[in-house]
Student: 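Mind having a look at this structure? Questions to follow.
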There are 2 protein chains.
Amino acid sequence: MKLLEDRILKDGVVREGNILKVDSFINHQIDVLFIRELAKEFHRLYRDEEITKILTIEASGIGIACIVAEEFRVPVVFAKKTKTVNIANDVYTTKVESFTHKNVYDIIVSKDFLHKDDKILIIDDFLAKGSALKGLIELIRFAGAQIVGAGIVIEKAYQEGGGLIRSMGIRVESLAKISSMSDGVIHFES
Amino acid sequence: MKLLEDRILKDGVVREGNILKVDSFINHQIDVLFIRELAKEFHRLYRDEEITKILTIEASGIGIACIVAEEFRVPVVFAKKTKTVNIANDVYTTKVESFTHKNVYDIIVSKDFLHKDDKILIIDDFLAKGSALKGLIELIRFAGAQIVGAGIVIEKAYQEGGGLIRSMGIRVESLAKISSMSDGVIHFES
């Protein structure tokens, strides 16, 4: 999506260790009118599916997911990160490895909000190694719900996550796919 | 706001320890079309102020803040909760006490996203003891920006937070004010 690629080139900052900071419009400050344009694109891509729910993960996915959900006129559910699962009977839970923060954490979703008859679109801001996305897919499978696909704002296509999830037969639509930024310059897949 | 009070009575659950669960439409699952109606009400209340930015705190404030921000056509900034402030030069930071989780945590906002000429509306889902709200007010004051007021979805008016913040001369608009729920039944301030 050219609008997004242009914005990443304009406002994204590449930091040491292959980190792309998009703090000024996605991750810390959120340009909601811009996100609305991304949401319309996700809706265009998935509008023929009968999506009943958007699933995301706290914290930075929530804002985007809410704006996308409004396009589909369905609710958002966000998985919570936690260190102690103390309500295990009421929730679906799995483990996610964070490469940014170098730790493993549990994510949980209440069983009340994922059902067998749900058709779920996963929304997240980043896809790199695919650890969070794999976790969300597991939660949906525990619930016996249908995964329609994933809508990702920025995919680091030079990392393995996208290939991994697609090889599971799951549709992944990424609005910007970065093919490299190792030289400090951002290149997109054409 | 009657729409909200009715929804709280219908879907809110009172748990032991004076806890109101609104997980099914605000806090875990988010009914975005419903939140849009709340956002319009916040806009009606604050539309004569020249708000430049919405400030909230992760995680459950983010979705609501994004939908509200779209009404005002301004960006959202969300304060991040953290245990280790390792980029102290670039951020404003203060401490917040959590009574739910019985701990103290740091919140941070990048100095890039709060400016002296900003007129800021704080949005959050709950106001009880006012600890998070006080923290957000401090961050805004560190930046030298103007606090237009706070927009709260649910105020526990029997706790001290609302009185405390208003006694600081800050406008607080709460869409539902709970006067008591000690008997397991939710009563609103009339």
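To find a chain, count down the sequence lines: A is the first, B the second, and so on, and within it residues start at 1.
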Student: Rounded to the nearest 0.5 Å, what's the gap from CD1 on B/Ile67 to CD on A/Glu70? Could you check?
Tutor: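 Nearest 0.5 Å value for the CD1-CD distance: 5.0 Å.
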
Student: Should A/Leu175 and A/Met181 be regarded as members of a common hydrophobic cluster, given that ILVMFWY residues are connected when their side-chain heavy atoms come within less than 4.5 Å of each other, either directly or indirectly?
Tutor: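 Same hydrophobic cluster.
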
Student: Rounded to the nearest 0.5 Å, what separates atom SG in B/Cys66 from atom CG in A/Asp31?
Tutor: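 The distance works out to 10.0 Å.
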
Student: Following the transitive rule for hydrophobic clusters with a side-chain heavy-atom cut-off under 4.5 Å over Ile, Leu, Val, Met, Phe, Trp and Tyr, establish whether A/Ile107 and A/Leu114 coincide in one cluster.
Tutor: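 Result: yes, single cluster for both.
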
Student: Are B/Ile108 and A/Val22 connected in the hydrophobic side-chain network, where two residues link if heavy atoms are under 4.5 Å apart?
Tutor: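 No: no chain of side-chain contacts under 4.5 Å links B/Ile108 to A/Val22.
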
Student: Counting a contact as any heavy-atom pair under 4.5 Å apart, which residues of residues 41-62 of chain B contact chain A?
Tutor: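 Residues in range: B/Lys53, B/Glu58, B/Ala59, B/Ser60, B/Ile62.
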
Student: Check the hydrophobic clustering (I, L, V, M, F, W, Y; side-chain heavy atoms under 4.5 Å; chains of links allowed) and say if B/Leu20 and B/Leu127 are grouped together.
Tutor: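 Cluster IDs for B/Leu20 and B/Leu127 differ.
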
Student: Out of A/Ala69, A/Pro75, A/Ala65, which one racks up the most heavy-atom pairs below 4.5 Å with chain B?
Tutor: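 Top count of heavy-atom pairs under 4.5 Å with chain B: A/Pro75.
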
Student: Using a cut-off of under 4.5 Å for heavy-atom pairs, which of B/Val74, B/Asn27, B/Ile64 has the most such pairs with chain A?
Tutor: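 With the most close heavy-atom pairs to chain A, the winner is B/Asn27.
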
Student: Measure across A/Val32 and B/Val76 and return the closest heavy-atom pair with its distance rounded to 0.1 Å.
Tutor: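 Minimum heavy-atom separation between A/Val32 and B/Val76: CG1-CG2, 4.1 Å.
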
Student: Can you name the residues of residues 136-173 of chain A that have some heavy atom under 4.5 Å away from a heavy atom in chain B?
Tutor: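 Answer by number: none.
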
Student: To the closest 0.5 Å, what do you measure between CZ (A/Phe72) and CG (B/Leu33)?
Tutor: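 If we round to the nearest 0.5 Å, A/Phe72:CZ and B/Leu33:CG are 13.0 Å apart.
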
Student: Give a yes or no answer on whether the side chain of A/His28 reaches the backbone of B/Val77 with a donor-acceptor pair at less than 3.5 Å.
Tutor: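 No; judged by distance alone, with no hydrogens or angles, the pair does not exist.
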
Student: Taking B/Val13 as the starting point, is it possible to reach B/Ile30 by hopping between hydrophobic residues whose side chains are less than 4.5 Å apart?
Tutor: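 In one cluster with B/Ile30: B/Val13, no.
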
Student: Give the C-alpha distance, both sets of side-chain angles, the deciding distance and a yes or no for side-chain contact (heavy atoms from CB on, under 4.5 Å) between B/Asp112 and A/Asp23.
Tutor: CA-CA 9 Å; B/Asp112 290 341; A/Asp23 272 16; over 6 Å; no

